Number of protein chains: 2
Amino acid sequence: MSSKEQYIGQYFGIQPQLLPQTATFFKENALLKNEYFCRQGRNCNTLSFIRSGALRVFAYQDGKEVTQWIAAEGELITDLSSIMFGTTARWEIQALSDCELYSIDRNDLNRLGDFIPNWAALEKTFISKCFLMLEDRVFSFLSMTAEERYQQFLVKRMHLFNEVPHQYIASMLGMTPETLSRLRNKNLK
Amino acid sequence: MSSKEQYIGQYFGIQPQLLPQTATFFKENALLKNEYFCRQGRNCNTLSFIRSGALRVFAYQDGKEVTQWIAAEGELITDLSSIMFGTTARWEIQALSDCELYSIDRNDLNRLGDFIPNWAALEKTFISKCFLMLEDRVFSFLSMTAEERYQQFLVKRMHLFNEVPHQYIASMLGMTPETLSRLRNKNLK
DNA sequence: ACCACTGGTTGATATAGATCAAGAAAGCAC
DNA sequence: GTGCTTTCTTGATCTATATCAACCAGTGGT
């Protein structure tokens, strides 16, 4: 089984016999560091598995960039509103490093339902899991200090520290780079 | 068309001719103030439209109650993880006032797919919208001050101020009741 | 009417984390 | 390597918001 098939199977729980056919819909492509996967206000018609590299989802607020999320190897990236509802994208999505992707466009994504019997249900399941993850994230802002969010991040996604600039991690965690730096320092001692 | 059918049609975009049959799955029931709709750690097998009243979704953190969400008239309430995946509930959900509900249980919810052709897709759409709402909420914690979140809340859900204790709204917005009180005071002048 | 209870306000103080500013390190180009 | 840019760290200060504490205003029960 190709790596591509493994990614897809893992994410959506597609029956093994349908995997090869499903996988043909996903095309390999690449992004160079700093290239945009998608621009706010334009359409984003692509959903991709990240085979290597990392991307950051952000938006501007009062002239500053606020990082909403960082997606890395083995994860999915898209602008959900655009891919699901055909709206313009809510987010800027930019490659933090050279990226290799397996990508499917909006039309093909919708066509998957034609031969995967329970495709809508699989999508529903997938989006529900994303919802629960965001629910946890909201709760972390309601109930935790910056230091606790940092600790939790260490446990869940420590590997990102070696892959992407810390300033973006700080922003994603709702703190300044200075605060993140101090927390790291404090924890090393 | 009954009010029940209107609620359901509005939320899920069900074809008018299927509405009466769909509506029969939803049973009217009521909760008294302070009664629990669902308890953390137990199963939550119900999804309900709120016909009147309000409920609060919360969890305990360090012995304190942290309010994740408040749902009011015209909105849906459930513990998504429990209803979707059959897990135990992540949240405590309690009536803030006497509530009238239209409720469907997990089995019937799954049975809706048997005669509503594109039911899974409708659910997918619904959950996606919830996801986008949470995305906005996360962004509000990343990029806004307590005062700005309060202002945004005023625009979106001001009516809740007259329906539920302010301490829960404060918690949901990620601030203390004292801070909310001061912000309100400041804005009246 | 009275008491008890819950919820809201106000003031004084404390503190986590932001901001501002200056260096230090680490990448990257040539 | 040498310089140039980007990122990270450290220190000094400031500020939004939390905490603690007292008090006040409703509301429901008896």
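Throughout, a chain's letter reflects where its sequence line sits, starting with A, and its residues are numbered from 1. Bear in mind the structure is a predicted one, so any value in this text is a computation, not a measurement.
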Without decimals, in angstroms, what is the distance between [X] [atom1] and [N] [atom2]?
| X | N | atom1 | atom2 | answer |
| --- | --- | --- | --- | --- |
| Leu183(A) | dA18(C) | CG | P | 9 Å |
| Leu180(A) | dT9(D) | CG | C1' | 11 Å |
| Leu142(A) | dA18(D) | CG | P | 11 Å |
| Lys186(A) | dG17(C) | NZ | C1' | 11 Å |
| Phe141(B) | dA16(C) | CZ | C1' | 17 Å |
| Met175(B) | dA16(C) | CE | C1' | 17 Å |
| Glu65(A) | dT6(D) | CD | C1' | 13 Å |

message: Holding to ring pair (Phe, Tyr, Trp, His ring centres under 6.0 Å), I want the full list of residues that pass it with His166(A), two or more places apart in sequence or in another chain.
response: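 Scan of His166(A) (ring pair (Phe, Tyr, Trp, His ring centres under 6.0 Å), adjacent residues dropped) gives Phe161(A).
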message: Looking at Asn185(B), I'd like to know whether one of its side-chain N or O atoms comes within less than 4.0 Å of OP1 or OP2 on dT10(C).
response: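 For dT10(C), OP1 or OP2 has a side-chain N or O of Asn185(B) closer than 4.0 Å.
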Is the backbone N or O of [Y] less than 3.5 Å from a side-chain atom of [X], with the two atoms forming a donor-acceptor pair by type?
| X | Y | value |
| --- | --- | --- |
| Thr22(A) | Leu18(A) | yes |
| Ser140(A) | Arg137(A) | yes |
| Lys124(A) | Ala120(B) | no |
| Arg56(B) | Gln94(B) | no |
| Asp79(A) | Ser82(A) | yes |

Give every pair of a protein N or O atom and an N or O atom of nucleotides 23-30 of chain D that lie under 3.5 Å apart, one pair per line with the distance.
none

- prompt: To which residues is Phe58(A) joined in a hydrophobic cluster, defined by side-chain heavy-atom contacts under 4.5 Å among Ile, Leu, Val, Met, Phe, Trp and Tyr, whether direct or through other members?
  reply: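 Listed partners: Tyr36(A), Tyr60(A).
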Residues clustering with Val155(B) (ILVMFWY side chains joined when closer than 4.5 Å, directly or via others):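 Its cluster mates, by chain and number: none.
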task: Heavy atoms only: give me the nearest Met84(B)-Ser128(A) pair and the separation to one decimal.
output: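 Reported closest heavy-atom pair: CE-OG, 3.1 Å.
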Listed partners of Asp108(B) passing side-chain hydrogen bond (donor to acceptor under 3.5 Å, both in side chains), at least two apart: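 Counting only residues at least two positions away or on another chain, Asp108(B) forms a side-chain hydrogen bond (donor to acceptor under 3.5 Å, both in side chains) with Arg111(B).
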message: I'd like to know if Arg51(B) and Glu28(B) make a salt bridge, using a cut-off of under 4.0 Å between side-chain N and carboxylate O.
response: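 Salt bridge: yes.
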Glu163(A)/Arg157(A) salt bridge by N-O under 4.0 Å criterion: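 Salt bridge: no.
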Using a 3.5 Å cut-off and no angle test, enumerate the donor-acceptor pairs between side-chain atoms of residues 37-46 of chain B and protein atoms at least two apart in sequence or in another chain.
unit_1: Arg39(B); atom_1: NE; unit_2: Glu92(B); atom_2: OE1; d: 2.7
unit_1: Gln40(B); atom_1: NE2; unit_2: Arg90(B); atom_2: O; d: 2.7
unit_1: Asn43(B); atom_1: ND2; unit_2: Thr87(B); atom_2: O; d: 3.4

query: Taking protein heavy atoms under 4.0 Å as touching, what does nucleotides 3-8 of chain C look like 5' to 3' if B marks base contact, S marks sugar-phosphate-only contact and - marks none?
result: ----SS
field: Where protein sits on nucleotides 19-25 of chain C, one letter per nucleotide: B base, S sugar-phosphate only, - none, heavy atoms under 4.0 Å
entry: BBB----
- request: Assign each of Met144(A) and Lys33(A) to its nearest nucleotide of DNA chain C by heavy atoms, then name whichever residue's nucleotide is nearer the 5' end.
  value: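 First, find each residue's nearest nucleotide; the 5'-ward one identifies Met144(A).
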Rounded to 10 degrees, the angle between the two terminal axes of the helix from dA1(C)-dT30(D) to dC30(C)-dG1(D), each from five pairs: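 That helix has its two terminal axes inclined by roughly 50°.
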message: Let's see if you get this right: which residues in residues 145-160 of chain B place a heavy atom under 4.0 Å from DNA chain D?
response: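 Heavy-atom contacts with DNA chain D come from Thr145(B), Ala146(B).
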field: Pairs meeting criterion ring pair (Phe, Tyr, Trp, His ring centres under 6.0 Å) with involvement of residues 85-120 of chain A, two or more places apart
entry: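 Residue pairs passing ring pair (Phe, Tyr, Trp, His ring centres under 6.0 Å), neighbours aside: Tyr7(A)-Tyr102(A), Phe12(A)-Trp119(A), Phe25(A)-Phe115(A), Trp91(A)-Phe139(B).
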message: With clusters defined by side-chain heavy atoms of hydrophobic residues (ILVMFWY) lying less than 4.5 Å apart, directly or transitively, does Leu134(A) cluster with Met144(A)?
response: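 No; tracing contacts between hydrophobic side chains, which count when under 4.5 Å, never links both residues.
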- prompt: Looking at residues at least two apart in the chain, or sitting in another chain, which of them share a side chain to side chain contact (heavy atoms under 4.5 Å, CB included) with Gln167(A)?
  reply: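 Partners of Gln167(A) by the side chain to side chain contact (heavy atoms under 4.5 Å, CB included) criterion, ordered by chain and then number, come out as Pro165(A), Pro177(A).
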